[in-house]
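What's counted below: heavy atoms across the whole structure, side chains too, no hydrogens, waters or symmetry copies. Order of the sequence lines fixes the chain letters, A, B, ..., with proteins taken first and strands second; residue numbering starts at 1 for each chain.
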Protein chains: 2
Amino acid sequence: MLSFAEENYLKTIYHLSTTDKEDVSTNAIAETLHTKPASVTDMIRKLSNKGMINYRKYHGVSISDEGKKVALTVVRKHRLWEVFLVDKLKFNWDEVHDVAEQLEHIKSPLLIKRLDEFLNYPKYDPHGDPIPDENGEFQIKPKVPLSALDLNASGIIVAVNDSNSLFLQYLDKIGAYLGAKIKVLDKIEFDNSLEIMIDNKRTVFISKEVSENILITE
Amino acid sequence: MLSFAEENYLKTIYHLSTTDKEDVSTNAIAETLHTKPASVTDMIRKLSNKGMINYRKYHGVSISDEGKKVALTVVRKHRLWEVFLVDKLKFNWDEVHDVAEQLEHIKSPLLIKRLDEFLNYPKYDPHGDPIPDENGEFQIKPKVPLSALDLNASGIIVAVNDSNSLFLQYLDKIGAYLGAKIKVLDKIEFDNSLEIMIDNKRTVFISKEVSENILITE
DNA sequence: AAATTTATTTAGATTAAACTAAAAAAATCG
DNA sequence: CGATTTTTTTAGTTTAATCTAAATAAATTT
């Protein structure tokens with residue numbers, strides 16, 4: 001049985017090895033976990049002894065099959081809980097992370113099985129990230145800029161490319177938010193701006209720049 | 001912010017001080033927590049320094065107002081999660097304890113507020129135990145032996161007095177379980193046995209002994 | 001390639017929560 | 001009441017997870 005700390009290290013190593021390079025550096029782990037490199041070295045040795053990672057001194061670590069299994073279970077739990085929080089408890093997307101970070105460590109296979117069932121076997125979390133199944137299998141849903149959608153196509157906002165606060169304030173002003181449903185009502189060829197419908201409620205015009213910085217899924 | 005261990009000690013001290021005597025002994029705490037008296041003394045000192053309990057060496061502890069507040073919050077969370085597990089995730093009563101024991105330590109006031117709302121503000125957990133509100137207020141629901149019910153009265157099985165396995169096997173055989181709805185169809189004066197309806201499904205006769213060992217609520 | 005910088009590891013401490021064994025206080029019993 | 005038993009505390013360890021400071025290995029730069 002792994003501790004919370006061990007699970008968090010594995011999750012981080014797994015994420016870094018998929019988003020960055022396969023071999024993960026001590027410093028990279030320390031940075032994402034807000035811990036010191038010396039502490040990481042200690043934990044690395046422990047996880048290596050447990051067969052969760054492959055470790056060669058001074059050469060970073062890679063995750064083992066066993067470690068990947070654990071990491072994917074934690075990710076699965078995290079994302080299922082996020083769906084629960086948003087779908088059932090009406091949390092906003094920006095409120096779920098810290099809570100899911102705690103809930104992901106609850107140990108009970110039955111709980112996860114039942115939660116999955118209760119949520120109707122979701123394949124993606126509210127951010128559009130895939131939820132691994134019991135075997136760790138999942139399929140990534142492509143995220144495309146809103147500017148790439150066809151006329152009359154629709155999708156959900158799952159991320160933004162540019163997260164400076166002026167941009168976010170603008171999105172807020174027009175009623176766009178993570179999770180909002182967008183439909184492309186018109187594509188203005190003159191300046192590549194778009195007329196879009198947000199949440200079947202309001203229609204607005206947005207510039208090419210804006211549409212390139214909003215990421216959509218589905 | 002209190003640790004899991006601290007919360008568990010407070011919960012235990014609170015429970016012992018209400019079910020037993022107000023001053024709780026070191027040994028009693030050690031026994032319920034499956035820990036050693038020496039460890040309890042250490043933790044007692046810590047909780048005392050934090051103002052959670054009142055402590056006089058060699059004379060046991062009593063819970064402070066602040067400590068009671070914390071304990072009741074943990075109890076509230078535990079019982080709300082139990083309702084969730086049983087009502088929403090179809091857990092049986094005997095399966096919920098270990099999981100709720102973990103979930104009760106999740107830190108997020110918003111989560112508990114929303115969970116409470118989602119569950120429609122339950123006042124009692126599946127065992128018939130009261131759920132404290134945000135202010136720690138609650139009302140105990142009386143548990144009476146099935147033998148004390150009036151003719152045609154009904155209630156829910158919330159506990160058994162005698163938990164030897166022969167008795168439990170018998171209950172299983174007649175289809176009675178924790179949470180089952182019972183209605184008194186007839187009271188046989190000759191031997192004080194009862195004819196009861198279980199879950200609106202089957203009717204059975206049970207002896208006086210049996211009816212005195214089944215506890216009912218509502 | 002040598003010197004310097006950066007990354008990683010080692011050594012030694014710290015904190016929380018547990019433990020054992022021994023000492024001390026309180027309770028009980030003859 | 002004094003002796004014995006029980007309960008509680010103290011003293012000293014242990015383990016997990018962290019830290020700082022120093023040492024060493026690897027990478028980079030001139």
| OP1 or OP2 of D/dT8 sitting under 4.0 Å from any side-chain N/O of B/His59? | no
| query | OP1, OP2 of C/dT6 versus side-chain N and O of A/Tyr58: anything below 4.0 Å? | reply | no
| message | Tell me whether B/Arg45 forms a cation-pi arrangement with B/Tyr55, defined as NZ or CZ under 6.0 Å from the six-membered ring centre and within 45 degrees of its axis. | response | no
| message | Please tell me if B/Asn27 has a side-chain N or O lying less than 4.0 Å from either OP1 or OP2 of D/dT8. | response | yes
| query | B/Thr41 near the nucleic acid: base, sugar-phosphate alone, or nothing, with a heavy-atom cut-off under 4.0 Å? | reply | base
| Is a salt bridge present between A/Lys208 and A/Glu212, judged by a nitrogen-to-oxygen distance below 4.0 Å? | yes
| field | Side chain of A/Thr35 (C-beta onward), nearest among C/dA26, D/dC19, C/dA18 | value | D/dC19
| task | Please say whether the positively charged group of B/Lys141, taken as NZ for Lys or CZ for Arg, lies over the ring of B/Tyr124, i.e. under 6.0 angstrom from the six-membered ring centre and within 45 degrees of the axis. | result | yes
| task | Please report, rounded to the nearest Å, how far the C1' atom of D/dT8 is from the CZ atom of B/Arg56. | result | 13 Å
| said: Between P on C/dT15 and CG on B/Asn49, what's the gap in Å once rounded to a whole number? | reply: 15 Å
| task | Would you please confirm or rule out a distance under 4.0 Å between OP1 or OP2 of D/dT10 and any side-chain N or O of B/Lys57? | result | yes
| message | By the 4.0 Å heavy-atom rule, please label A/Phe4 as base, sugar-phosphate, or nothing. | response | nothing
| task | Return the value, rounded to whole Å, for the distance between atom CE of A/Met1 and atom C1' of D/dA16. | result | 17 Å
| request: With the side chain of B/Ser39 defined as its heavy atoms from C-beta on, choose the nearest nucleotide among C/dT9, C/dA18, D/dA26. | output: C/dA18
| message | Check this for me: does any side-chain nitrogen of one of A/Asp116 and A/Arg76 sit under 4.0 Å from a carboxylate oxygen of the other? | response | yes
| Given atom CG of A/Asp42 and atom P of C/dT10, what is their separation to the nearest angstrom? | 9 Å
| query | Between A/Lys36 (NZ) and C/dT15 (C1'), how many Å, whole number? | reply | 17 Å
| said: If I take atom NZ in residue B/Lys50 and atom P in nucleotide C/dA16, what distance separates them, rounded to the nearest angstrom? | reply: 8 Å
| What's the closest nucleotide to the B/Ala38 side chain, out of D/dC19, D/dA26, C/dA21? | C/dA21
| Which of the following nucleotides, D/dC19, C/dA18, D/dT9, is nearest to the side chain of B/Met43? | C/dA18
| said: Rounded to whole Å, please give me the gap between CG in A/Asn8 and P in D/dA16. | reply: 17 Å
| field | Separation of atom CD1 in B/Ile44 from atom P in C/dA16, rounded to whole Å | value | 17 Å
| query | Under 4.0 Å between a Lys/Arg side-chain N and an Asp/Glu carboxylate O for A/Lys90 and B/Glu117? | reply | no
| query | Quick one: is A/Tyr55 getting a side-chain N or O under 4.0 Å of the C/dT9 phosphate, OP1 or OP2? | reply | yes
| query | OP1 or OP2 of D/dT10 sitting under 4.0 Å from any side-chain N/O of B/Arg45? | reply | yes
| Side chain proximity check, A/Phe118 to B/Phe84, heavy atoms < 4.5 angstrom | yes
| request: Look at all strands and tell whether A/Thr26 reaches a base, only sugar-phosphate, or nothing, counting heavy atoms closer than 4.0 Å. | output: sugar-phosphate
